[in-house]
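Since the structure comes first, as structure tokens, the remarks are kept for the end.
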There are 4 protein chains.
Amino acid sequence: MFTVDPRNNSPIYKQIINSVKESIIKGMLLPGDKLPSVRELAKILTTNPNTVSKAYNELERMHIIETLRGKGTFVAIDYTPKIEAKNIVKLKDGLKKVLIDAHYMGLKKDDINKIINELYDELLNDENHNITKGDIV
Amino acid sequence: MFTVDPRNNSPIYKQIINSVKESIIKGMLLPGDKLPSVRELAKILTTNPNTVSKAYNELERMHIIETLRGKGTFVAIDYTPKIEAKNIVKLKDGLKKVLIDAHYMGLKKDDINKIINELYDELLNDENHNITKGDIV
Amino acid sequence: MFTVDPRNNSPIYKQIINSVKESIIKGMLLPGDKLPSVRELAKILTTNPNTVSKAYNELERMHIIETLRGKGTFVAIDYTPKIEAKNIVKLKDGLKKVLIDAHYMGLKKDDINKIINELYDELLNDENHNITKGDIV
Amino acid sequence: MFTVDPRNNSPIYKQIINSVKESIIKGMLLPGDKLPSVRELAKILTTNPNTVSKAYNELERMHIIETLRGKGTFVAIDYTPKIEAKNIVKLKDGLKKVLIDAHYMGLKKDDINKIINELYDELLNDENHNITKGDIV
DNA sequence: GTGGTCTAGACCACA
DNA sequence: GTGGTCTAGACCACT
């Protein structure tokens, strides 16, 4: 469910953050679901609890998950996107970097669009969202 | 021409790299054009020369610029994109991160497409490309 | 009457303590009034009885409530404030933190005074205090 | 300049945060000033660098300080308070707790007002702000 | 059981 | 020199 690649040069805690986000988007984790405990996930990923903790803390700051004292960590039930100018700028910046890299790899706009379609299919495909979400959410 | 933001958390040498790449794509720098010397650019950006040097070195390794001993640094005239599987994976990975972030900011696929169109317009608008870049783009 | 928010990061037992204190100050609970039993309150708040117990124990140590064996828990009839230097220091410290936070939120002294007035109105408005609490307040 | 009390039960990193905030409010640190490096401050406070780092990270998230890669940490030059409903609620909550405690210590509204005046004098007294701030800020 | 805090000590990327 | 990340291991408060 959660995957982390120690060879990847992006820090482990950020990989965990992205992994959790992805699982939620894909519908593998639903609002209210319990996340593995810090120690559990650390064991699963063979990483240090502090690293998992750091990831969970950041996710909580983003209001994506919430922790109930002594009970554990859960997917937030009331997440509402908040569009901030600063974040849009960051997003555009990140996207620009990707497009520049793509250009230098010989990829054109159509290639990018194709990749984006693939990625959206992977993240938001119907299978994940038809069945379970209806009853629970 | 080249811009760098010390508050941005992406390393300065990478910002320089991207800035050079962007200038080339936009046609502001053409194949064969001379780049400012390391010291010059360091002064312009109020940066450490080592930082500029590191950026130039990486750009050279990518065959995007080339150094002629004693003459200076120039935009490569023979850049040819090379698609490597490893890089494609990285690109997809980067794109996925962006899309996930976008999702959590409430942006939909259409919003992303709009931004991408904007960015392509910014990078590849006709004015910049009437001479040489037609085939690469 | 008693409210507790599991998402709030202040510990639940402290929230219970404050909730009881607030109810007494507001006059909703008068000296001699019976408090819900530990189990009852635990059920009401959907909390662990141990948590309620911990709160009641602390409240008893502060002489704010008292337990009569076999009869239940009651609001103390003889509470008398006791000013200790140590507690004054703590209070100032807490207040300083609030003021610093307020400053960074752009709130000025006047704003704080306004909020304090509101809070005092909420806590000590006349309706609640026509009978017994006149002298303590 | 920065003080931390290991006997205080509030976590050290939070004490550091408050200490920095206070120093800035008092005008002992001006916008653009360099903060001690993580290792330095850790040595001064005889605490662990990680603890200082955590404090600095949170302060950066609040936009109170900013770090320039490889150069160090500085007081932000462009801090602008942003009033969010959620934070106001938290502030009121904190204030309410203080007032309830004060009430149970026998302190009345006037006593609180007196303490607040004292604290504001301590934080914003003229000496700190007449001289230096005029020329630099 | 849960997460939060802290230490000691290591390695790395960056300027 | 700077901060960022990670580990191993400890203790604590809370439910």
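Residue numbers begin at 1 in each chain, while the letters A, B, ... track the order of the sequences.
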Mapping B:Lys14 and D:Lys14 onto DNA chain E by nearest heavy atom, which one lands closer to the 5' end? D:Lys14
Want to settle it: does D:Leu35 or C:Ser10 sit nearer the 5' end of DNA chain F, counting the closest nucleotide to each? D:Leu35
Ionic contact status for C:Asp101 with D:Lys21, cut-off 4.0 Å: yes
Residues A:Val4 and A:Ile16: closest non-hydrogen pair is CG2-CG1, 3.8 Å
What base-paired stems does DNA chain F take part in, with at least 3 consecutive Watson-Crick or G-U wobble pairs and both distances under 3.5 Å? E:1-14 with F:1-14
Let me have the donor-acceptor pairs involving side chains of residues 55-64 of chain B, under 3.5 Å, with sequence neighbours excluded, atom names and distances please.
{"from": "B:Tyr56", "atom 1": "OH", "to": "B:Pro36", "atom 2": "O", "distance (Å)": "2.7"}
{"from": "B:Asn57", "atom 1": "ND2", "to": "B:Ser53", "atom 2": "O", "distance (Å)": "3.3"}
{"from": "B:Glu60", "atom 1": "OE1", "to": "B:Thr67", "atom 2": "OG1", "distance (Å)": "2.9"}
{"from": "B:Glu60", "atom 1": "OE2", "to": "B:Thr67", "atom 2": "N", "distance (Å)": "3.2"}
{"from": "B:Glu60", "atom 1": "OE2", "to": "B:Thr67", "atom 2": "OG1", "distance (Å)": "3.2"}

B:Phe74: which residues meet the ring pair (Phe, Tyr, Trp, His ring centres under 6.0 Å) condition with it, sequence neighbours left out? none
Spell out, as yes or no, whether a donor-acceptor pair under 3.5 Å connects the side chain of C:Asn8 to the backbone of C:Asp5. no
Check: C:Glu66 side chain, C:Thr73 main-chain N or O, donor-acceptor pair, under 3.5 Å: no
Determine whether a donor-acceptor pair (N or O, by modelled atom type, separation under 3.5 Å) exists between the side chain of A:Arg69 and the backbone of C:Asn9. yes
Give a yes or no answer on whether the side chain of B:Tyr104 reaches the backbone of A:Ile25 with a donor-acceptor pair at less than 3.5 Å. no
Would you say that more than 12 heavy atoms from the other residues, nucleotides or ligands in this model lie under 6.0 Å from the NZ of B:Lys43, or not? no
Do NZ/NE/NH1/NH2 and the carboxylate oxygens of A:Glu84 and D:Lys82 come within less than 4.0 Å? yes
Short question: side chain of C:Thr47, backbone of C:Leu45 - any donor-acceptor pair under 3.5 Å? yes
Donor-acceptor under 3.5 Å (A:Asn18 side chain, A:Gln15 main chain): no
Report which part of the nucleic acid A:Thr47 touches: base, sugar-phosphate, or nothing (heavy-atom distance under 4.0 Å, all strands). sugar-phosphate
Looking at B:Tyr13, is its backbone amide N or carbonyl O close enough to the side chain of B:Thr51 to form a donor-acceptor pair, meaning the two atoms are under 3.5 Å apart? no
For atom CZ of B:Arg7 and atom C1' of E:dA15, their distance in whole Å: 16 Å
Residues of residues 48-62 of chain D with a heavy atom under 4.0 Å from any atom of DNA chain E, listed by number, are D:Asn48, D:Asn50, D:Thr51, D:Lys54
Between which nucleotides of DNA chain F, 5' to 3', does chain A make heavy-atom contacts below 4.0 Å? F:dT5 to F:dT15
Considering only heavy atoms, which members of residues 66-76 of chain A lie under 4.0 Å from some atom of DNA chain E? A:Gly70, A:Gly72, A:Thr73
